[in-house]
Structure formats: C-alpha cells, structure tokens
Amino acid sequence: MGRVSHVPPRTPTRYPEPMSDELLVAVMGTGIVAADDPVLTADDLGLTRGDGVFDATRVVTAEDGTSHIDNLSAHLSRFARSIAGVNGAAPDFEAWTALIDELVTAWRRPGEAVLKVMYTNGPETRRVHSATGEQTSNFTGRTDAAQNQRDAGTARNDAQNPPGETGDHPNGAVAQTGPVTQLATIAPLPDHAIAERAGISVITACRGFTSDAFAGAPWLLGGVKTLSYAVNVATYRHAAAHGADDVIFTSSDGFLLEGPTSGLLVEKDGRLWTTPTGATGILRSITVEQVLEAADARDIPTSSRLMRPEELLEAQGVWLASSGRGAVPVLRVDGHELATDEQLTEQMRYWCGFAEAPAKSG
C-alpha cells in the first residue's frame, strides 16, 4: 500500500519571529514552530484512528508576561499513564519539561490559557532507510521512540519519573517503537469556560457501558485520556441542542459517572462524594483529587461510590470539576433545580487555585 498523500514538510519557522497570541505550537526535538507549520503526516495514527493521548491544564499569565502552570507534575504523570495505555514508550520528562518551559516563556498574553500536551503513535506507514533498514523520519513532530528511550537511558527510573510513576505498561504490553508524534500547544482559555464558573445547567446522558464494563478490559482504555474525543464533542452538541451547558454521563445500569471533560463531586449526608475510577473507566480527575485532599485536611468526610441520578435532587451541592474551569456548581440537572452550597463552592475555588482565600465568617 502506498503512502497516503499529504502536504510535503517544510522547514519550521522558529521564533523570535512575530507569533500569534491566539495559538503557540512546540514540537519535540524542534521547539516552537509557526502555528500554520505542518506537524504531522496525513497518515498519523492520532489523526486517522485516534491512536494517541493528551493532557491539558491551565496557565495563568500576569501583566508582565510571567506565567504559572497549574499542577504540571500531576498532569505529566497522568499523561505518562495515558501514553502507557496506548503502549507508547515511557516519556522523557526532562525533555517535556524543557519543551513546555520554552512554550510558556514565549506566551506573553495576560490572562488564562490552556496548555495541551499531545502524543500519538505516529504514522501508520513507516519510512525505512533502504540501506540500513532503520526507520527514519525527517518530518517535524515525529521522533523515533526507540531513540528517545536510548537517549533517556533511565526513562523508567523513579528518579526521572514523577513520584509513583514508572511508565510501565498494563498487562506487560511491549512499548511501541518507531516514529511518534509529540507536541504541545497553548491557547487562550475560552470565554465560555470562565463564564460557566458561576454555575451551569446539565443533562444526563447514557454513555452506553455498564458501571463495571472496564474491569479486566484494558483494550477499552479506561482511565486513559485519549484523542478519540468525537463522542465527547457530540455529547456537547447534544447538550446545546437541549439548552444545557454540560452533561453528566450515566452508565447503562443507571449510575452517575463523570462529565465529558470533568469529574463529579456531590455533597450529601454530611460527606463529599465522587464516583470511583477503575472498573467504571472514569479518568482520574486531578481537580477532584485536589478538592478531596483539601477537604480531608479540614476534616470534611470524603469518599467514593456509585450514585444514582435521583440522588442529585437530594444533595446539598453538586459540582463538575476540571482543570480549566475549576469546581463549577451545577444549578440544574435535567430541568430540575438543585441546592447549592455557596460557602463550599468558594472554598473549592480556593483549593483549586481559582480564587483568593475566602473571608472567615464571624
């Protein structure tokens, strides 16, 4: 089978040429490129099959151009778990950190932005050097994963990986080798994400799986933040068509799960609840974990369990939590008004880094 036709690669444009304040792009092994430079081939598996992963977090830039990245280590750790989920080689955290530093240093637009890191398993058809038989690539954004492993040397060593992360693959799967795609982008946080922090209306929608469908089924990629987001995007279109801002997925056996891009928090019976990961396939939410850790430190009971949609109507507060919006109160679900806990909402915003410390009462 011949190679899929695509636009020929061209030499990337490096800064400090004028850059857009709407989008910055950086490629592993190259650095910052112009936003309209090609960064993958037309047969890249991330494009054609969704065979790739990503992670994202918020960047806050001050008027003087200095920036802060929220929870970068936690997001890179989750990124590593996702890469392992698609049998990718353990990432070189030092190289990723350097690439992100370069990108964020160049981003000077004041306000809030989204940093996104992406990995794919590269082109479906491999270029092979006719003389040596080695896989080669001269295209921006594609690097040889096996070479990355050799260069990193101790990529799986605990000293290089973030605490608790080794990049090991589930069920002993062998890591992919050959050219892969690794890049990062930064762009302004959408206005609607900021507006929705005041509160949202949601609907429930069945995700089509039972609450334990992902148990013993790693091929379903439970807990992996894949690039295959068509269902999530379609769900948002469905929500908009029904006058809602967001969605809470439910399982086919009738339990609450998560939002398309957020985790669920419920205040009920004197406790702060979230939904369990693992067999449910739910992605571990860094923002949910932040909230629960802060609540634990303040002796607010926390736990996880499967919950029914009707329990939301009896709750003292419901939130969808994500890295871009923080903990957002849910005001209505399926047309029903919900109770809100304004004091706890204010505390959650502070715990997540989205607000100043709340004023003490009395």
Side-chain angles (χ1 to χ4, degrees), residues 56-58 60 70-71 111-114 116 187-207 225 229-251 255-268 272-275 280 282-292 294-295 304 307-356 358:
T57 189
R58 187 179 66 139
V60 181
D70 287 349
N71 307 303
E112 298 177 77
V114 176
K116 185 179 293 186
L189 187 71
D191 291 339
H192 70 82
I194 297 173
E196 287 168 358
R197 291 174 186 161
I200 55 175
S201 172
V202 308
I203 58 174
T204 56
C206 182
R207 194 170 64 173
K225 198 171 178 66
Y229 251 48
V231 170
N232 301 54
V233 175
T235 303
Y236 278 125
R237 287 196 291 263
H238 175 71
H242 287 78
D245 304 304
D246 213 323
V247 168
I248 299 176
F249 281 128
T250 59
S251 63
F255 292 103
L256 298 166
L257 296 173
E258 61 184 342
T261 59
S262 56
L264 178 64
L265 289 160
V266 177
E267 181 191 7
K268 187 174 183 290
L272 197 56
W273 302 90
T274 189
T275 43
T280 61
I282 291 173
L283 179 74
R284 283 177 56 183
S285 168
I286 291 168
T287 310
V288 166
E289 290 178 352
Q290 268 190 297
V291 170
L292 296 182
S304 66
M307 296 173 278
R308 299 283 185 180
E310 53 267 27
E311 294 187 62
L312 300 181
L313 304 181
E314 305 165 352
Q316 288 73 59
V318 179
W319 298 263
L320 287 180
S322 64
S323 297
R325 296 185 307 194
V328 174
V330 177
L331 307 180
R332 287 174 296 279
V333 59
D334 293 331
H336 300 285
E337 299 287 333
L338 297 183
T340 57
D341 186 334
E342 294 183 4
Q343 182 177 5
L344 187 53
T345 296
E346 188 177 1
Q347 289 178 310
M348 286 184 179
R349 288 172 177 157
Y350 170 63
W351 296 340
C352 299
F354 285 78
E356 300 295 327

Got a second to check how far Phe255's CZ is from Met307's CE, nearest 0.5 Å? 11.0 Å
Going by side chain to side chain contact (heavy atoms under 4.5 Å, CB included), name the residues that satisfy it together with Gln316, two or more places apart in sequence or in a different chain. Glu267, Lys268
Tightest non-hydrogen contact, residues Val114 and Ala56, listed as CG1-CB, 4.1 Å
Evaluate the side chain to side chain contact (heavy atoms under 4.5 Å, CB included) criterion for residues Asp245 and Val202: first the C-alpha distance (whole Å), next the side-chain angles of each, then the deciding distance (0.1 Å), finally the verdict. CA-CA 6 Å; Asp245 304 304; Val202 308; 5.9 Å; no
I need the Ile203 CD1 to Thr235 OG1 distance, nearest 0.5 Å. 8.5 Å
Value rounded to 0.5 Å, distance of CD1 in Ile282 from OG1 in Thr274: 7.0 Å
Set out, in order, the CA-CA distance, both residues' side-chain angles and the distance that settles side chain to side chain contact (heavy atoms under 4.5 Å, CB included) for Ile200 and Leu331, then state yes or no. CA-CA 6 Å; Ile200 55 175; Leu331 307 180; over 6 Å; no
Tell me the salt bridge (Lys or Arg N to Asp or Glu O under 4.0 Å) pairs involving residues 321-341, sequence neighbours left out? Glu196-Arg325, Asp246-Arg325, Arg332-Glu337
Only counting residues at least two apart or in another chain, list the ones meeting side chain to side chain contact (heavy atoms under 4.5 Å, CB included) with Ala295. Leu272, Ile300, Thr302, Trp351
List for me each residue that meets side chain to side chain contact (heavy atoms under 4.5 Å, CB included) alongside Arg207, sequence neighbours excluded, and say none if there are none. Phe209, Phe214, Phe249, Leu257, Glu258
For the residue pair Ala315 and Ala339, what are the closest heavy atoms and their distance? O-CB, 3.5 Å
Looking only at atom types and distance, does a side-chain atom of Glu311 sit under 3.5 Å from a main-chain N or O of Arg308, one as donor and one as acceptor? yes
How close do Ser304 and Thr275 get, heavy atom to heavy atom, and via which atoms? CB-C, 4.3 Å
If you measure from CG on Leu265 to CG on Leu292, what distance do you get to the nearest 0.5 Å? 5.5 Å
Can you list the residues that meet the side-chain hydrogen bond (donor to acceptor under 3.5 Å, both in side chains) rule with Glu289, with sequence neighbours excluded? Arg284
If I take atom CG from residue Leu256 and atom CG from residue Leu312, how far apart are they, to the nearest 0.5 angstrom? 5.0 Å
Non-neighbouring partners of Glu314 that pass side-chain hydrogen bond (donor to acceptor under 3.5 Å, both in side chains), sequence neighbours left out: none
Those residues that, when tested against Val60, pass side chain to side chain contact (heavy atoms under 4.5 Å, CB included) (two or more places apart): Arg58, Glu112
Of all the heavy-atom pairs spanning Pro329 and Ala198, show the shortest one and how long it is. CG-O, 3.9 Å
Per the side chain to side chain contact (heavy atoms under 4.5 Å, CB included) rule, which among Val288, Val266, Val328, Thr345 passes with Trp319? Thr345
Which residues pass the salt bridge (charged side-chain N to carboxylate O under 4.0 Å, His left out) test with Arg349, sequence neighbours left out? none
Please tell me if the side chains of Asp70 and Ser323 come closer than 4.5 Å, counting only heavy atoms from C-beta onward. no
Who passes side-chain hydrogen bond (donor to acceptor under 3.5 Å, both in side chains) against Gln290, sequence neighbours left out? Asn71
Heavy-atom side-chain proximity of Leu320 to Leu264 below 4.5 angstrom: yes
Do the side chains of Thr204 and Val333 get nearer than 4.5 Å, heavy atoms only? yes
Cationic tip of Arg197 within the cone over Phe354's six-membered ring, i.e. under 6.0 Å and within 45° of the normal? no
Taking salt bridge (charged side-chain N to carboxylate O under 4.0 Å, His left out) as the test, write out the residues that go with Glu342, two or more places apart. none
Can you see which heavy atom on Ser322 is nearest to which on Ser262, and at what distance? CB-CB, 4.0 Å
Nearest heavy-atom neighbours spanning Thr250 and Pro309: CG2-CG, 4.0 Å
Which residues pass the side-chain hydrogen bond (donor to acceptor under 3.5 Å, both in side chains) test with Thr261, not counting sequence neighbours? Tyr236
Sequence neighbours excluded, which residues qualify as ring-ring contact (aromatic ring centres under 6.0 Å, His included) partners of Tyr350? none
